[in-house]
Amino acid sequence: MLRTTAAAIALTLAAGPALAQDGAQLFNMQCKMCHGGSPMGPALSGVAGGPVAAKAFAYSPGLKNKGGTWTDANLDAFLKAPTAFAPGTKMLISVPAEGNRKAIIEYLKTLK
């Protein structure tokens, strides 16, 4: 079931520029299922500009060992290719469209 849902989301993300470039809308469509109070992913309020893997969550060793800060560049790289950014990460869904990644990152900055 999770794989089917992930595949459907991946197909939606592949639509790229055809999607509305509204960060809140994209977040709600693509991220909120796992990052909106679910145990599948950490809450993302305050993540932009904060340390990588710092929230209370069972992060993969690849993400824990990454260190650093969630800069725009790091968030972009992670959203573009999570498993390349942090091998072994639990996040398997990417955001291939650059405009969508930028919109999501800008939205994440508003979550305090």
Side-chain angles (χ1 to χ4, degrees):
M1 172 79 169
L2 181 58
R3 294 257 183 222
T4 304
T5 302
I9 292 171
L11 287 173
T12 301
L13 296 177
L19 294 174
Q21 300 270 329
D22 178 86
Q25 181 183 25
L26 290 167
F27 179 87
N28 287 330
M29 282 181 11
Q30 301 167 13
C31 312
K32 192 173 183 177
M33 180 173 77
C34 296
H35 295 285
S38 163
M40 293 174 63
L44 299 179
S45 60
V47 74
V52 173
K55 294 185 169 273
F57 182 74
Y59 294 99
S60 65
L63 201 52
K64 283 182 192 177
N65 296 332
K66 191 69 175 176
T69 302
W70 282 121
T71 62
D72 287 8
N74 281 341
L75 286 166
D76 184 69
F78 185 60
L79 290 172
K80 183 177 182 179
T83 57
F85 182 85
T89 183
K90 296 174 183 181
M91 186 164 135
L92 302 176
I93 298 171
S94 64
V95 181
E98 181 180 359
N100 289 354
R101 289 192 310 273
K102 285 183 179 184
I104 290 169
I105 291 165
E106 289 305 313
Y107 176 70
L108 289 175
K109 292 177 185 179
T110 69
L111 301 178
K112 303 293 179 193

(Q) Under the rule for side-chain contact (heavy atoms from CB on, under 4.5 Å), what residues qualify as partners of Thr69, not counting sequence neighbours? (A) Thr71
Q. According to the ring-ring contact (aromatic ring centres under 6.0 Å, His included) rule, which pairs have a member within residues 86-112, sequence neighbours left out?
A. Phe27-Tyr107
**Q.** Lys102: side-chain hydrogen bond (donor to acceptor under 3.5 Å, both in side chains) partners, not counting sequence neighbours
**A.** Glu98
Q: Kindly write out the residues that satisfy side-chain hydrogen bond (donor to acceptor under 3.5 Å, both in side chains) with Asn74, not counting sequence neighbours, or none if the list is empty.
A: none
Q. How many angstroms lie between CD1 in Ile104 and CD in Gln25, if you round to the nearest 0.5 Å?
A. 10.5 Å
Q.
For Ser45, give me all partners under side-chain contact (heavy atoms from CB on, under 4.5 Å), at least two apart in sequence or on another chain.
A. Lys55, Leu111
Q.
Ring of Tyr59, cation from Lys66 - is the NZ or CZ under 6.0 Å from the centre and inside 45° of the axis?
A. no
List the atom pairs, with distances to 0.1 Å, where a side-chain N or O of residues 33-44 and a protein N or O form a donor-acceptor pair under 3.5 Å, not counting sequence neighbours.
unit_1	atom_1	unit_2	atom_2	d
His35	ND1	Pro42	O	2.7
Ser38	OG	Met40	N	3.0

Q: Please name the pair of heavy atoms, one in Pro82 and one in Met91, separated by the smallest distance, quoted to 0.1 Å.
A: CB-O, 3.2 Å
Q) So which pairs with a foot in residues 76-85 pass salt bridge (Lys or Arg N to Asp or Glu O under 4.0 Å), sequence neighbours left out? A) Asp76-Arg101
Q) Considering residues at least two apart in sequence or located in another chain, which fulfil the ring-ring contact (aromatic ring centres under 6.0 Å, His included) criterion with Phe85? A) Trp70, Phe78
Q) Distance from Asp22 atom CG to Asn100 atom CG, nearest 0.5 Å? A) 10.5 Å
(Q) List the residues meeting side-chain hydrogen bond (donor to acceptor under 3.5 Å, both in side chains) with Asp72, not counting sequence neighbours, and say none if there are none. (A) Lys109
